[in-house]
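Here the structure is laid out as structure tokens; the discussion comes afterwards.
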2 protein chains.
Amino acid sequence: MPDILPLEAFLPYRLVRASNAVSQRFAAAYKMRFGLTRPEWRSIAILGEVGEATATEIGRRSTMHKTKVSRAVAALEGRGWLTRRADSDDRRLEHLELTTKGRQAYRELVQLARSFQEDLVREMGADAAAALDQGLSAVERMPPARRR
Amino acid sequence: MPDILPLEAFLPYRLVRASNAVSQRFAAAYKMRFGLTRPEWRSIAILGEVGEATATEIGRRSTMHKTKVSRAVAALEGRGWLTRRADSDDRRLEHLELTTKGRQAYRELVQLARSFQEDLVREMGADAAAALDQGLSAVERMPPARRR
DNA sequence: AGTTGATAGTTGCATTTGTAACCGTTTAGT
DNA sequence: ACTAAACGGTTACAAATGCAACTATCAACT
């Protein structure tokens with residue numbers, strides 16, 4: 001008799017599936033509204049949050065690879081949503097900042113995100129949402145598999 | 001004063017991040033051991049679980065696009081880990097089944113997955129794991145965004 | 001029977017992504 | 001000062017992915 005593992009009971013699989021379901025739903029919203037990609041949305045989210053950051057810092061804070069950030073930033077710059085400012089001390093660094101247009105979009109994106117999360121919590125139920133929060137916090141506390 | 005949304009407090013982002021952290025760690029394990037891709041691992045997992053399935057059923061059960069399944073199945077067939085058997089009634093269907101070699105790998109993969117999950121639960125703590133389970137279940141209960 | 005529409009599965013093509021290499025700049029060690 | 005290593009950022013190339021079109025088959029309806 002075979003020893004089986006139901007995929008439905010396997011945490012990594014369940015996490016991926018839940019994450020896809022939820023984030024794709026949200027991605028559909030900001031893609032529909034602004035035509036943004038996920039790396040772009042994340043970059044805006046970081047810049048809106050911290051005001052100004054280098055590309056590396058965006059990557060660190062949003063868990064994105066340098067190349068993704070680089071491309072997202074280039075695209076957002078092309079839209080006129082952010083500007084680059086060279087660092088006077090270290091000429092490798094570029095300080096990025098949202099433009100007025102970028103901040104305006106950010107404001108709307110925050111609205112979108114808030115109402116999305118409210119709907120989500122309502123739909124799953126407050127206690128389940130609290131449980132999810134607790135579970136995710138524990139995962140976040142785990143040491144990363146391997147730095148690179 | 002700007003109205004900000006901390007990305008760290010946004011559920012979709014946290015879900016994606018947790019899911020990446022966990023599933024990439026596991027992926028590294030089966031990739032290291034067998035050189036499998038994620039679609040391949042999932043296809044094996046389904047076939048090992050249900051014994052026999054069509055490509056469409058694998059896709060449905062593992063939430064993968066047809067093309068992913070098609071390519072994964074082709075790769076696994078190339079390895080000699082599964083066989084195709086035409087349906088006698090409906091000649092569009094192909095019943096897929098693991099070979100002896102495939103089942104052997106499956107057995108080892110199940111071991112790998114079990115010990116991975118055990119480690120995971122131990123690392124996050126039993127109650128956090130239970131909370132995560134509860135939260136994920138609630139997400140799984142939500143209606144899918146859009147059928148295709 | 002014949003046409004239309006659906007379904008199973010594959011493949012071509014464009015887009016996205018990751019890896020590695022690269023350039024310019026800064027830091028550290030000698 | 002000088003070399004080597006490290007770092008920020010970009011880009012070239014390869015691999016993975018998704019979409020759409022396609023083939024073959026089946027089902028339904030006339």
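Throughout, a chain's letter reflects where its sequence line sits, starting with A, and its residues are numbered from 1. Just so it is clear, the model here is predicted, and its values are computed rather than measured.
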Legend entry - From Phe34(A), Tyr106(A), Phe26(A), residue fulfilling ring pair (Phe, Tyr, Trp, His ring centres under 6.0 Å) relative to Trp41(A):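 In the set Phe34(A), Tyr106(A), Phe26(A), the residue that makes a ring pair (Phe, Tyr, Trp, His ring centres under 6.0 Å) with Trp41(A) is Phe26(A).
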Check the distance between [N]'s [atom2] and [X]'s [atom1] and give it to me in whole angstrom.
X        : N       : atom1 : atom2 : value
Leu36(A) : dT15(C) : CG    : P     : 18 Å
Leu76(A) : dG9(D)  : CG    : P     : 15 Å
Ile58(A) : dG8(D)  : CD1   : C1'   : 13 Å
His65(B) : dA8(C)  : NE2   : C1'   : 13 Å
Asn20(A) : dT17(D) : CG    : P     : 12 Å
Glu40(A) : dT16(C) : CD    : C1'   : 12 Å
Arg60(B) : dA8(C)  : CZ    : C1'   : 14 Å
Glu94(B) : dA24(D) : CD    : C1'   : 12 Å

Inset, instruction - Using a 4.0 Å heavy-atom cut-off across all strands, classify Thr37(A) as base, sugar-phosphate, or nothing. - result: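 Result for Thr37(A) = nothing.
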Legend entry - side chain to side chain donor-acceptor pair (under 3.5 Å) partners for Asp87(B), two or more places apart: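 His95(B).
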Indicate whether OP1 or OP2 belonging to [N] is found under 4.0 Å from a side-chain N or O atom of [X].
X        : N       : answer
Thr56(B) : dG9(C)  : yes
Lys68(A) : dG18(C) : yes
Ser70(B) : dT10(C) : yes

Legend entry - side chain to side chain contact (heavy atoms under 4.5 Å, CB included), paired with Glu97(B), selected from Leu82(B), Val50(B), Leu47(B), Thr83(B):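 Among Leu82(B), Val50(B), Leu47(B), Thr83(B), the one meeting side chain to side chain contact (heavy atoms under 4.5 Å, CB included) with Glu97(B) is Thr83(B).
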Inset, instruction - Using side-chain contact (heavy atoms from CB on, under 4.5 Å) as the criterion, list what pairs up with Ser115(A), not counting sequence neighbours. - result: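 Scan of Ser115(A) (side-chain contact (heavy atoms from CB on, under 4.5 Å), adjacent residues dropped) gives none.
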Legend entry - Salt-bridge contact Arg25(A)-Asp119(A) (side-chain N to carboxylate O under 4.0 Å):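 No, this pair does not count.
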Legend entry - Upstream residue (5' side of DNA chain C) when Thr67(A) and Leu96(B) are each assigned their closest nucleotide: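 This one resolves to Leu96(B).
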Inset, instruction - Could you check Lys66(A) against Arg38(A) and say which one's nearest nucleotide on DNA chain C is further toward the 5' end? - result: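 It is Arg38(A) whose nearest nucleotide is closer to the 5' end.
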Legend entry - Val16(A) vs Arg38(B) side-chain heavy atoms within contact, under 4.5 Å: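 The answer is yes; the side chains approach within 4.5 Å.
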Inset, instruction - Answer whether the closest heavy-atom distance between the side chains of Ile4(A) and Val110(B) falls below 4.5 Å. - result: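 The answer is no, as the side chains (C-beta and beyond) never meet within the 4.5 Å cut-off.
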Inset, instruction - Can you check whether any acceptor in the base of dG18(C) is under 3.5 Å from a donor in the side chain of Arg71(A), or vice versa? - result: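 Looking at the base of dG18(C), it does pair with a donor or acceptor on the side chain of Arg71(A) (distance under 3.5 Å).
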Legend entry - Options dT19(C), dG9(D), dT17(C), nucleotide nearest the side-chain atoms of Pro39(A):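 Closest nucleotide to the Pro39(A) side chain: dT17(C).
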Tabulate protein N/O versus nucleotide N/O from nucleotides 26-28 of chain C, keeping only pairs under 3.5 Å, one per line.
from    : atom 1 : to       : atom 2 : distance (Å)
dT26(C) : OP1    : Asp89(A) : O      : 3.1
dT26(C) : OP1    : Arg91(A) : N      : 2.7

